[in-house]
Amino acid sequence: MKAIPFVTRIDSLVGEIDLLVSVDADSIDSVEDVRRQVASVPGIATVTTALVLRRHL
């Protein structure tokens, strides 16, 4: 996944979600493209997308 354009960070998590993939894209279309690419990675069962509205720190 680190070779996918716009992916800036990949974190392993504990809990219901296994990975957090951070994307810094220039458009919603680019985010959708990254989402499709991540979903096509073998072993990825589901993908949930959330957009950051504001970074506070």
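From a predicted model like this one, the values you see are computed outputs, not experimental measurements. Reckoned from all heavy atoms, side chains included, excluding hydrogens, waters and symmetry mates.
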- [ ] Would you list the pairs meeting side chain to side chain donor-acceptor pair (under 3.5 Å) in which at least one residue belongs to residues 28-41, sequence neighbours left out?
- [x] D26-S30, S27-S30, D33-Q37, R35-T49
Task: Pairing residues for D24 by the salt bridge (charged side-chain N to carboxylate O under 4.0 Å, His left out) criterion, not counting sequence neighbours - done: none
When the side chains of residues 12-20 are checked against the rest of the protein, which donor-acceptor pairs come out under 3.5 Å, sequence neighbours left out?
none

TODO: Of all the heavy-atom pairs spanning V31 and A25, show the shortest one and how long it is.
DONE: CG2-CB, 3.7 Å
- [ ] Determine the minimum heavy-atom distance between V21 and V7, stating which atoms define it.
- [x] CG1-CG1, 3.8 Å
TODO: Any chance you could lay out the side-chain contact (heavy atoms from CB on, under 4.5 Å) test for V38 and I4, step after step, and finish with the verdict?
DONE: CA-CA 8 Å; V38 169; I4 297 172; 4.0 Å; yes
TODO: With side-chain contact (heavy atoms from CB on, under 4.5 Å) as the test, would you mind laying out the steps for L51 and I28 before giving the verdict?
DONE: CA-CA 10 Å; L51 298 176; I28 294 297; 4.0 Å; yes
